[in-house]
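Here the structure is laid out as structure tokens; the discussion comes afterwards.
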Amino acid sequence: MKKELSKLYEPSQVEDRIYDFWQKGGYFHAKIDKNKTPYTIVIPPPNITGQLHMGHALDETLQDILIRWKRMSGYCTLWLPGTDHAAIATESKIVEAMRKEGLTKEEIGRDAFMNRAWEWKAQYGGRIVEQLKKLGSSCDWERERFTMDEGCSDAVNEVFVKYYEKGLIYRGERMINWCPHCVTSLSDAEVTFEEQAGHFWHLRYPFSDGSGYVELATTRPETLLGDTAVAVNPNDPRYKDIIGKTLTLPLVGREIPVIADDYVETDFGTGVVKITPAHDPNDFEVGRRHGLEVINVMTDDAKITDDYPAYAGMDRYEARKKIVEDLEKGGFLVRTEDHVHNVGTCYRCGTTVEPRVSTQWFVKMQPLVQPAVDAVKEGKTRFVPERFDKIYFHWLENIRDWCISRQIWWGHQIPAFYCDDCGEMTVTKEKSAVCPKCGKPMRRDPDTLDTWFSSALWPFSTLGWPEKTEDLEYFYPTNTLVTGYDIIFFWVIRMMFSGLENMGEVPFDTVLIHGLVRDSQGRKMSKSLGNGIDPLEIIDKYGADALRFMLVTGNAPGNDMRFIEEKVRASRNFANKLWNAARFIMMNLPDGFTADELPEVLSAEDKWIVSGLNRLAGEVNQNLEAFELGVAVSKLYDFIWDVYCDWYIELAKPRINAGGDTALNAQKVLVWVMKGILRLLHPFMPYITEEIWQALVDDGSAIIVSSFPVYDEKLDFAADEERFGKIIAAIKAVRAVRSGMNVPPSVKAKLYIETSEPQAFEAGKMFFMRLASASDVEISEKWDIPDSVTAVTDSARIFIPLADIVDVEKELARLDKEKKAVQKDLDFLGGKLNNPGFLAKAPEKLVAAEREKLAKAQEKMDRINESIAALKK
RNA sequence: GGGAGCAUAGCUCAGCUGGGAGAGCGUCUGCCCUACAAGCAGAGGGUCAUAGGUUCGAGCCCUAUUGUUCCCACCA
């Protein structure tokens, strides 16, 4: 007994029910029999436990489409769960929450803090995971936590110690990026440069001997407090004589030298630069070359230190203002000009980064980079689309050592230990250490690792490495990584070199890159603009299927897309169309209908639709193979709506009304094609296809584990397809003529079809009745019907006698217009076929096709001429 | 300063290795024909940014130009 579909398609109800069904049936996770099936792993993107945003919905959708397709194609898919990459953001959220309770992390201590963090993550992360499942994702909070916590910490320690022993990790004092808001160091990748309007303050520094001033310009006057020199270019004739002289630093009174360094450009500004080694990366290098003192003038949160009582405790911008005032008062300010410059900001919080000298841990990149470059050059891993390998190469070729230590608590603590007594340091996998020199207990480095350090190990750490597990053996290297282009630097590159270094093989063979989802005006969605759109609101309104469908429609890999609600509505309408088509089929099925196969005898229109579906299946597979998801989706859309619904179902109606075997055959084909459509569409619209499938098939099977259709040579009826296309063309021509004369469908007219292939049209008689408002149809090789309009195709002339409304003048004008259009074709094709170059060089197949087109156009022209002649008479 | 993307119908975008320009939305006309008005049938609408070049043939390949977006880069 077949089930019923509700009259109204209500996405949320369907999706809730199906979600529940999959959940209970354990369908969210593929069951893998390693001995039998090929496999694939699709790696999901990071930030699972961050806010669920549209970009994330896109990640999930693309992965899930690939997974469902692979699974239905006989592959099993292992989808590695997500992990947390928002350590800094997470920490600040927890700190903030604690502050409201009047607590600080220092007060409650590290262990309690971590517990708090885990509680918070479990709640927040768990909720996000539930939300992702609404999109069809198979992520899982327990596994999630595993990848972050106990599961991967062994791997992290293992790699850290190994790198350290190989000299790939070192600790040292360097200029690093510091975020005063997050109070931690950042890697180069975590700094975003932003153009900001600022000022250029021209200052003068007096010579200590009272012999005048040098003039220089700065964008950051507050760093003056830390100046330890002023530099000029050694070849600058203007300043030759002052090199080696001494200046008195305004407001501070410190004596600083004038030094010569190539770094200074003679044609920029005044050609004089103040040198602040502690607060500028270039100045740091200059200072190093000249043995200058490094004077740090700021605290961790970018306030002036107590060494400068006049400014102590002021934040850097406050101090800037005050210092400019004081400079002006002292006569040191020459002038101020507007200036736009690039300022580094923290990619998490947007705070301006303070370059700062401090002691941090670094990964030495040079030795790790080459294999990662080679792997892509040799095609072991490829980017889709390919152009992203340029970004990849460029980054790797210009990479600098990676600062991996962070001054936060939420993260993996660095496995290094210090002896406070004798200053000894050890790096070890153990949880505690005793000083090898003096035997005293050692203190663990309070810093944690950059969250991307552990993420980089993910393709193997989640499979059990460093243990030699069966999973690791079987699943590494994995297949496809799906991620946005903004994640290439953070994650893709680091997984590449980490995989190659630790496993000796690339972590995945393909990286599918997608673009960003922007708002309807093309702006990046952001919290500050408030233009972000919550995927869940959209899902509530239109359904997860509609959102998924919209996210892949009309989008090419790597390109950004705009989020336009009308597009989601269009997708929902498409789902509704499918729903209603299914409803129509089911309401016309006889009780106890179980047929699963095509009828033995296929009619012309049956072959037409079956052949079309078969070709579609082949193309969709090809497109998915090439990651052309958008192309696949639009082909499905066109076939389902335009071919199946608008034509085949309409063609089937008169057959169903006819009853008997005619009806039964039509029903069999309707169901058979619908089942093919549902399976092809399932990866893109999982919920609705599952719902319809279960209502239609009703044998306890689930579409999620059904098989994906493939091209079948036996079902290719190209010739029949073409033949039936003539009937469709004729019906369209009749409709166009009638519509042009504003004849409503309720006004029926007899049709006289003139054609050289009467038997082909004989089969379509009832379709003309139904779809071309014909009261009757007569077919012959020759007709001459006066007082009628004619619809002309390349294979037929159809007379529509509408004596009352035929306007000879209008009809002539219409035919003339059509004649001109066909003449254009004839000219074009004729010109082409008379071109010796074309005949000589174009492929034979093409020439033949063009000849055929020409013949058809000529035939059509003859028919038009005949009609015109008759009308004139 | 270096690199990349984009520029196609009123709007948002497809267009796979070069073989007579497509979709959705919007517009206009006519239809509630018992699956669907979240629909059906028609129609209109494009010198594929500009200028050259390669080719029998260019939206697609090459060169230059313009506009636009993004990434990278330590110019005070």
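Note that this is a predicted model, so its numbers are computed, not measured. Numbered from 1 within each chain, the chains take letters A, B, ... in sequence-line order.
In this structure, A/R583 does not pair ionically with A/E4, as no charged nitrogen and carboxylate oxygen lie closer than 4.0 Å. A salt bridge is defined here as a Lys NZ or Arg NE, NH1 or NH2 lying under 4.0 Å from an Asp or Glu carboxylate O, and A/R220 with A/E222 meets this definition.
A/E190 has its CD atom 16 Å from the P atom of B/C71, to the nearest Å.
A gap of 24 Å separates the P atoms of B/G15 and B/G26, to the nearest Å. Comparing the P positions of B/A41 and B/C25 gives a spacing of 13 Å, expressed to the nearest Å. If you take atom P in B/G39 and the same atom in B/A51, they sit 41 Å apart, rounded to whole Å. Nucleotides B/U69 and B/U55 place their C1' atoms 33 Å apart, quoted to the nearest Å. Taking the P atoms as reference points, B/U8 lies 11 Å from B/A14, given to the whole Å. Separation of the C1' atoms belonging to B/A64 and B/A9 is 28 Å when rounded to the nearest angstrom.
Within the 3.5 Å criterion, the main-chain N or O of A/M769 finds no donor-acceptor partner in the side chain of A/S773.
When distances run from any side-chain atom of A/H394 to the nucleotides B/A41, B/C72, B/C36, the shortest one goes to B/C72. Listed candidates were B/C75, B/A41, B/G39. Nearest to the side chain of A/D646 is B/A41. The side chain of A/Y263 lies closest to B/A76 when the candidates are B/C72, B/A35, B/A76.
A/W402 meets the ring-ring contact (aromatic ring centres under 6.0 Å, His included) test with A/F453; sequence neighbours excluded. Applying the ring-ring contact (aromatic ring centres under 6.0 Å, His included) rule to A/W178 yields no partners; only residues at least two apart in sequence or on another chain are considered.
Remark: A/R735 is in phosphate contact with B/G42, judged by side-chain N or O atoms under 4.0 Å from OP1 or OP2. At the phosphate of B/A73, neither OP1 nor OP2 sits under 4.0 Å from any side-chain N or O atom of A/N398. Contact annotation: A/W641 does not reach the phosphate of B/G39 (side-chain N/O to OP1 or OP2, under 4.0 Å).
In summary, the side chains of A/H341 and A/E195 do not present any donor paired with an acceptor at a separation below 3.5 Å, with no hydrogens or angles considered. Using modelled atom types, one finds no donor on one side chain facing an acceptor on the other under 3.5 Å when comparing A/T793 with A/K732. Using a 3.5 Å distance cut-off with no hydrogens or angles, the side chains of A/E619 and A/Y711 do not pair a donor with an acceptor. Side-chain atoms of A/N233 and A/D261 form no donor-acceptor pair, as typed in the model, at a separation below 3.5 Å. At a cut-off of 3.5 Å, with distance as the only test, no side-chain donor of A/T266 or A/D236 sits close to an acceptor on the other residue.
Each of A/V272 and A/P11 has a nearest nucleotide on RNA chain B; the 5'-most of these lies closest to A/P11. Where A/I731 and A/E650 meet RNA chain B, the nucleotide closest to each residue was compared, and A/E650 sits on the side nearer the 5' end.
Note on A/D486: nothing from the nucleic acid sits closer than 4.0 angstrom, heavy atoms only. Base engagement by A/K653 is indicated by at least one non-hydrogen atom pair under 4.0 Å involving a base atom. Here A/P843 lies in heavy-atom contact (under 4.0 Å) with a base. The residue A/F489 sits close only to the backbone: its heavy atoms come under 4.0 Å of sugar-phosphate atoms, none of a base. Residue A/A570 is classed as a sugar-phosphate contact, given heavy-atom separations below 4.0 Å to backbone atoms only. When heavy atoms are screened at a 4.0 angstrom cut-off, A/L771 is found touching no nucleic acid atom at all. The residue A/Y637 sits close only to the backbone: its heavy atoms come under 4.0 Å of sugar-phosphate atoms, none of a base. At the heavy-atom level, A/I275 lies nowhere under 4.0 Å from the strands shown. Heavy atoms of A/K732 sit under 4.0 angstrom from primed sugar atoms or phosphate atoms, though from no base atom.
Aromatic ring centres of A/Y648 and A/F639 lie farther apart than the 6.0 Å criterion allows. Ring pair A/Y392/A/H394: centre-to-centre distance not below 6.0 Å.
Between the side-chain ring of A/F828 and the base of B/G20, a stacking contact exists by the 5.5 Å and 30° definition.
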Heteroatom pairs (N/O) under 3.5 angstrom, protein to nucleotides 29-33 of chain B:
unit_1 : atom_1 : unit_2 : atom_2 : d
B/U29  : O2'    : A/N742 : OD1    : 3.2

List every contact pair, protein side and nucleotides 43-49 of chain B side both N or O, where the distance is under 3.5 Å.
none

Once each nucleotide of nucleotides 4-17 of chain B is scored for protein heavy atoms under 4.0 Å, what B/S/- sequence comes out, 5' to 3'? SS------SSSS--

Structure string for RNA chain B in dot-bracket form, Watson-Crick and G-U at under 3.5 Å, | interchain: (((((((..((((.....[..)))).(((((.......))))).....(((((..]....))))))))))))....

